[in-house]
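Following: one structure in structure tokens, then a few remarks.
In this chain, numbering begins with 1 at the start of the sequence shown.
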Amino acid sequence: MSKTAATPPAAADPNRWKALVFIALAQLMVVLDATIVNIALPSAQTDLGISDGNRQWVITAYALAFGGLLLFGGRIADKWGRKNAFVTGLIGFALASALGGAATGEAMMLGARALQGAFGALLAPAALSLLAVSFTDAKERAKAFGIYGAIAGGGGAVGLILGGFLTEYLNWRWTFFVNIPFAIVAAVGAWMIIREPAGSRNRAPLDIPGVVLSTLGLVSLVYGFTRAESAGWSDTTTVALFVASVVLLAAFVYVESRVKSPLLPLRVLMERNRGGVYLSLGLAVISMFGLFLFLTYYLQVVKGFSPVKTGFAFLPMIAGMITGSTQIGARLMTRVAPRLLMGPGFLLAATGMLLLTQLEVGSSYPALILPAQLLLGLGMGTAFMPAMSLATYGVNPADAGVASAMVNTSQQVGGAIGTALLNTIAASATTAYLTDHAAEAAAGGPAAQLVQARAMVEGYSSAIWWAVGILVVSATLAFTLITTGRPGSGGPVASGSGSEDDAELKVPVIAH
């Protein structure tokens with residue numbers, strides 16, 4: 001075993017830090033796309049003649065393809081090679097973006113968004129798993145994941161700024177075309193620079209039943225939450241989608257426990273620390289997605305900010321995330337246990353969220369929103385960095401892609417739940433407020449407009465209270481489920497099952 005453990009440092013890629021630049025660039029592109037299209041959607045809807053009923057599919061088509069195919073994309077990366085999957089994902093994402101930017105109608109746009117999601121599902125786990133197998137030293141890994149975590153956390157807010165600029169001063173089509181130079185630079189750089197460690201591929205045959213069941217189950221789950229937002233939780237189709245997702249995912253778990261070469265080895269999920277990361281991170285993302293949604297509407301609709309000004313208003317959160325990830329998380333990750341970063345990080349974010357429950361129509365940005373964003377950013381940045389690293393820590397190199405895919409899956413499902421659940425809570429609170437103040441709302445004029453604004457803010461603050469509670473639960477899960485010590489003091493064992501078939505794969509990802 002000692003001979004095996006000594007392999008990673010000897011095989012460490014001398015160009016790994018250059019490779020990180022292109023991996024980070026690709027991650028930035030994917031995260032940007034998640035928010036940049038939201039800014040452009042009203043203009044694109046008008047130009048392409050997309051109906052109000054179908055406009056949600058510009059977002060949903062991407063989310064379904066991305067969320068449904070993540071596990072498949074992760075295993076393809078393990079089997080085919082992460083560099084190959086990474087470059088292919090970049091090229092495909094660029095072509096799909098070009099198609100979306102050149103769209104002449106609804107069908108072309110929706111098809112382009114689905115293609116973007118499919119190639120994103122190949123690209124995202126390949127990027128994270130490349131980090132996992134390339135950075136094996138604990139201190140280097142901390143720095144690399146600090147940078148990656150900052151981009152993953154702050155990139156969405158950057159998308160709001162960039163999307164506002166492109167839509168306001170150029171054209172909505174540039175929110176798609178902007179992906180092309182990102183993808184070309186990252187693909188060329190990755191092809192020339194990245195070298196995968198030898199023997200890290202998983203040559204096992206593809207688990208087709210697992211692919212079908214996981215894809216259909218995840219698509220049903222994500223679409224169920226997406227549909228619940230518009231059609232309601234008691235809608236027949238919504239309920240049927242949730243039932244189908246439970247049945248399909250239960251069948252998936254059963255199949256994975258029986259087949260020789262599973263798509264998602266249950267050892268990846270059942271290791272206590274990784275399972276704790278997937279759960280706590282997924283819950284935290286519920287809160288973050290809800291916050292982005294409500295703050296964007298509050299700043300634009302209630303406060304009257306332009307799209308560009310709204311984007312800049314999120315800068316304190318970006319600064320907090322970058323600081324928390326690179327200056328707190330990365331510096332402390334090799335000194336303290338991950339739970340002592342993740343738990344307090346989520347609690348600090350909950351404190352920032354708690355400030356936002358005090359939102360009113362006339363709330364001051366410098367006095368309330370700015371400090372709340374700083375606390376949120378610092379907390380989430382501090383927590384995200386060790387979470388991203390621990391999610392692939394101790395996993396077999398041959399399972400790194402699918403373990404990385406689980407991180408993205410928990411975030412994608414968390415995002416779908418957050419948007420649907422918190423939006424429903426906000427809408428119910430807004431309706432209740434309007435019912436209680438029906439006479440003022442019916443009076444018309446400035447008084448009625450003020451009641452409408454107050455009702456919206458009442459809805460946002462009610463939903464944010466739930467987000468606070470969810471972050472506290474995330475912190476509790478991090479404190480109780482994640483028991484590993486600091487990297488370098490003995491972490492999770494490799495995810496191998498102990499069989500002879502897996503013996504050659506038991507190469508610790510972190511070497512000391």
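Across all their heavy atoms, G379 and L348 have their closest contact at N-CD2, 3.7 Å. L122 and G89 get closest at one heavy-atom pair: CD2-N, 3.9 Å. The two residues A112 and A96 come nearest to each other via the heavy atoms CB-O, 3.6 Å. The two residues A349 and L376 have their closest heavy-atom pair at O-CD2, 3.3 Å. Closest non-hydrogen pair, A121 versus A65, comes out as CB-O, 4.2 Å. Smallest separation of non-hydrogen atoms from N179 and S97: ND2-OG, 3.1 Å.
Cation-pi geometry between K303 and F305 is not met at under 6.0 angstrom from the ring centre and within 45 degrees of the axis.
For the residue pair T430 / E458, no side-chain donor-acceptor distance below 3.5 Å is found, with atom types taken as modelled.
Remark: the backbone N or O of A478 is not paired with any side-chain donor or acceptor of R339 at under 3.5 angstrom. Within the 3.5 Å criterion, the main-chain N or O of G74 finds no donor-acceptor partner in the side chain of R82. E360 places no side-chain N or O within 3.5 Å of a backbone atom of S363 that could act as its donor or acceptor partner. A donor-acceptor distance shorter than 3.5 angstrom exists from the side chain of R272 to the backbone of L481, with no hydrogens or angles considered. Under a 3.5 Å cut-off, the side chain of Q45 and the backbone N or O of I50 do form a donor-acceptor pair. Between the side chain of S474 and the backbone N or O of A284, at least one donor-acceptor pair lies under 3.5 Å. At distances below 3.5 Å, at least one donor-acceptor pair connects side-chain atoms of Y365 with backbone N or O atoms of A313. Checking side-chain atoms of T238 against main-chain N and O of S234 turns up no donor-acceptor pair under 3.5 Å.
Residues satisfying the salt bridge (charged side-chain N to carboxylate O under 4.0 Å, His left out) test with R454, not counting sequence neighbours, are none. Residues satisfying the salt bridge (charged side-chain N to carboxylate O under 4.0 Å, His left out) criterion with D235, sequence neighbours excluded, are R227. A search for side chain to side chain donor-acceptor pair (under 3.5 Å) contacts involving T424 returns W233, not counting sequence neighbours. With sequence neighbours excluded, the residues that form a side chain to side chain donor-acceptor pair (under 3.5 Å) with R331 are Q327. Shown here are the side chain to side chain donor-acceptor pair (under 3.5 Å) partners of S280, two or more places apart in sequence or in another chain: there are none. In this structure A463 satisfies the side-chain contact (heavy atoms from CB on, under 4.5 Å) test together with F294, L422, I425, A426, sequence neighbours excluded.
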Item to check | Derivation and outcome, side-chain contact (heavy atoms from CB on, under 4.5 Å), residues F384 and V285 | outcome: CA-CA 10 Å; F384 265 47; V285 168; 4.2 Å; yes

Checklist entry - Does the side-chain contact (heavy atoms from CB on, under 4.5 Å) test come out yes or no for N171 and L166, once each step is laid out? => result CA-CA 6 Å; N171 184 284; L166 293 173; over 6 Å; no

Next on the checklist: Applying side-chain contact (heavy atoms from CB on, under 4.5 Å) to V302 and V361, what does each step give before you reach the verdict?
Outcome noted: CA-CA 7 Å; V302 178; V361 172; 4.1 Å; yes

Item to check | Steps toward side-chain contact (heavy atoms from CB on, under 4.5 Å) verdict (L25, M29) | outcome: CA-CA 6 Å; L25 189 63; M29 180 188 72; over 6 Å; no

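Taking CG of L356 as the start and CG of L295 as the end, the distance is 5.5 Å to the nearest 0.5 Å. Of the inter-residue distances, the one linking L281 atom CG with L477 atom CG reads 11.5 Å to the nearest 0.5 angstrom. Considering CG of L299 and CZ of F312, their distance stands at 14.0 Å, rounded to 0.5 Å. Between F176 atom CZ and Q116 atom CD the span is 5.5 Å, to the nearest 0.5 Å. Taken to the nearest 0.5 Å, the CG atom of L374 stands 10.5 Å off from the CG atom of L355. Note that CG of L340 is 14.5 Å distant from CZ of R335, once rounded to the nearest 0.5 Å.
Ring orientation note: the planes of Y433 and H437 are close to parallel, at an angle under 30° on the 30°/60° scale. By the 30° and 60° cut-offs, the orientation of the rings of F66 relative to Y62 is parallel.
The shortest distance between side-chain heavy atoms of F177 and I180 falls below 4.5 Å. For the pair T351 and L347, the minimum side-chain heavy-atom distance is 4.5 Å or more. Contact of the P125 side chain with the F86 side chain is not registered, since no non-hydrogen atoms from C-beta on lie closer than 4.5 Å. The shortest distance between side-chain heavy atoms of L71 and M406 falls below 4.5 Å. The side-chain heavy atoms of M380 and L471, taken from C-beta on, include a pair separated by under 4.5 Å. The shortest side-chain heavy-atom distance between L241 and L221 does not fall under the 4.5 Å cut-off. Side chains of I286 and L283 form a contact here, defined as non-hydrogen atoms less than 4.5 Å apart. Between T357 and L354 the shortest side-chain heavy-atom distance falls below 4.5 Å.
Checked against the 6.0 Å centroid criterion, the rings of F225 and F242 qualify as a close aromatic pair.
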